[in-house]
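Structure first, then comments.
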2 protein chains.
Amino acid sequence: MPPTMAAAPAIRELPEPPGLPEPLPEPAVDDLRLETVLSALSEPLRLRIVRKLLLERESFDHPCGWFGLDRPKSSLTHHFKALREAGIIRQRQYGLERRSHVRVADLDARFPGLLALVTAWTPDAR
Amino acid sequence: MPPTMAAAPAIRELPEPPGLPEPLPEPAVDDLRLETVLSALSEPLRLRIVRKLLLERESFDHPCGWFGLDRPKSSLTHHFKALREAGIIRQRQYGLERRSHVRVADLDARFPGLLALVTAWTPDAR
DNA sequence: GTACTAGTTCGACTTTTGTCGTACCGTCGG
DNA sequence: CCGACGGTACGACAAAAGTCGAACTAGTAC
């Protein structure tokens with residue numbers, strides 16, 4: 001996809017169509033901290049979430065229930081929030097549901113190679 | 001104590017001279033887990049330790065006091081042990097002192113690009 | 001021997017993190 | 001209007017992780 005120059009921000013994950021809901025509050029690219037990102041990714045469940053988002057990102061945004069995680073809703077909120085506040089995912093509100101995607105360009109810019117490690121990860125095999 | 005701590009790993013960081021003390025117990029290369037490694041590296045003090053080891057590794061092994069960390073000894077023991085049990089550093093006993101170095105080859109083999117992120121990290125600037 | 005030194009081990013404490021129930025809110029379809 | 005739905009907020013609890021003092025061990029040096 002050629003980068004159709006969107007309005008405001010410098011780098012975007014994808015050429016995003018206009019009229020999207022505003023992203024929920026998140027750290028700016030320059031504020032991403034390696035410790036924080038690593039800490040967020042050191043939780044197996046969150047690693048699963050991010051990996052799944054990376055592997056199946058063609059459908060762009062994903063609501064929270066799409067992941068098939070058998071945890072209560074309040075636990076999921078907790079983890080998605082942790083990922084967003086670490087700067088790993090961006091979340092937007094679409095009516096009822098809140099959809100997430102990985103901030104690929106931002107993370108690649110700040111921590112090149114990191115997402116490849118996540119993609120290559122396998123849940124508990126060696 | 002984490003589960004299997006096999007000695008005698010397959011790959012060596014350097015062509016090590018003979019007659020070295022045996023490394024302290026550590027996970028084998030194939031047992032390195034991304035979650036564990038990320039978790040160990042998500043602690044700023046440990047990140048500092050690993051980065052310093054990477055940047056000044058020409059002198060190979062470093063005793064514990066060399067790092068200039070103003071924490072009590074028991075705290076340092078704690079962090080070095082965490083790094084070793086995560087498979088990030090190898091430690092050997094040289095008489096009184098215990099010297100550490102990063103398992104560069106092992107980590108590069110399992111998690112390529114990870115150590116570059118650590119090297120590029122800066123303690124608390126943005 | 002004594003003393004010094006690098007480091008461990010133990011245990012107590014504090015802080016952080018994860019887990020989850022309950023109550024709640026806003027949107028959509030009748 | 002109502003209820004179902006996707007999700008948040010709060011708060012209590014449990015588990016994990018960091019901090020550190022005190023006592024200890026093992027080499028080295030005198």
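Remember, predicted model here, so these are calculated numbers, not experimental data. In what follows, every chain begins at residue 1, and chains take the letters A, B, ... in the order their sequences are listed.
Note on B:Ile88 and B:Leu45: same hydrophobic cluster, where clusters join Ile, Leu, Val, Met, Phe, Trp and Tyr whose side-chain heavy atoms are under 4.5 Å apart, directly or indirectly. Both A:Leu117 and B:Val104 sit in one connected hydrophobic cluster of ILVMFWY residues. Membership requires side-chain heavy atoms under 4.5 Å apart, directly or through other members.
For B:Lys73, the side-chain contact (heavy atoms from CB on, under 4.5 Å) test picks out no residue, with sequence neighbours left out. Residues meeting the salt bridge (Lys or Arg N to Asp or Glu O under 4.0 Å) test with A:Glu43, sequence neighbours left out: none. Every residue was checked against the side chain to side chain donor-acceptor pair (under 3.5 Å) condition with A:Glu85, not counting sequence neighbours, and none meets it. Residues satisfying the side-chain contact (heavy atoms from CB on, under 4.5 Å) test with A:Ser39, not counting sequence neighbours, are B:Ser42. In this structure, the side-chain contact (heavy atoms from CB on, under 4.5 Å) partners of B:Ala82, at least two apart in sequence or on a different chain, are B:Arg46. A search for side chain to side chain donor-acceptor pair (under 3.5 Å) contacts involving A:Arg84 returns A:Gln91, not counting sequence neighbours. For A:Pro72, the side-chain contact (heavy atoms from CB on, under 4.5 Å) partners are A:Ser74, A:Ser75, not counting sequence neighbours.
D:dG6 atom C1' lies 12 Å from atom CZ of A:Phe80, rounded to whole Å. Rounded to an integer number of Å, the gap from B:Arg92 CZ to C:dG7 C1' is 18 Å. Atom OH of B:Tyr94 is separated from atom C1' of D:dT28 by 18 Å (rounded to the nearest Å). With rounding to whole Å, B:Leu69 atom CG is found 15 Å from D:dC20 atom C1'. Residue B:Leu76 contributes atom CG, which lies 12 Å from atom C1' of D:dG18 at whole-angstrom precision. For B:Arg99 and C:dG7, the CZ to C1' distance is 14 Å, given to the nearest whole Å. Here D:dC5 presents its C1' atom at 10 Å from CD of A:Glu97, a figure rounded to the nearest Å.
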Under 4.0 Å protein heavy-atom contact, by nucleotide of nucleotides 15-30 of chain C - B base, S sugar-phosphate only: ---SBBB----BB---
For nucleotides 11-16 of chain D, which of its nitrogen or oxygen atoms have a protein nitrogen or oxygen under 3.5 Å away, and what is each distance?
none

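A donor-acceptor contact shorter than 3.5 Å links the side chain of B:Gln93 to the backbone of B:Leu96.
With rounding to the nearest 0.5 Å, the separation of CG in B:Leu83 from CD1 in B:Ile89 is 5.0 Å.
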Canonical and wobble pairing (Watson-Crick, G-U, under 3.5 Å) of DNA chain C, dot-bracket with |: ||||||||||||||||||||||||||||||
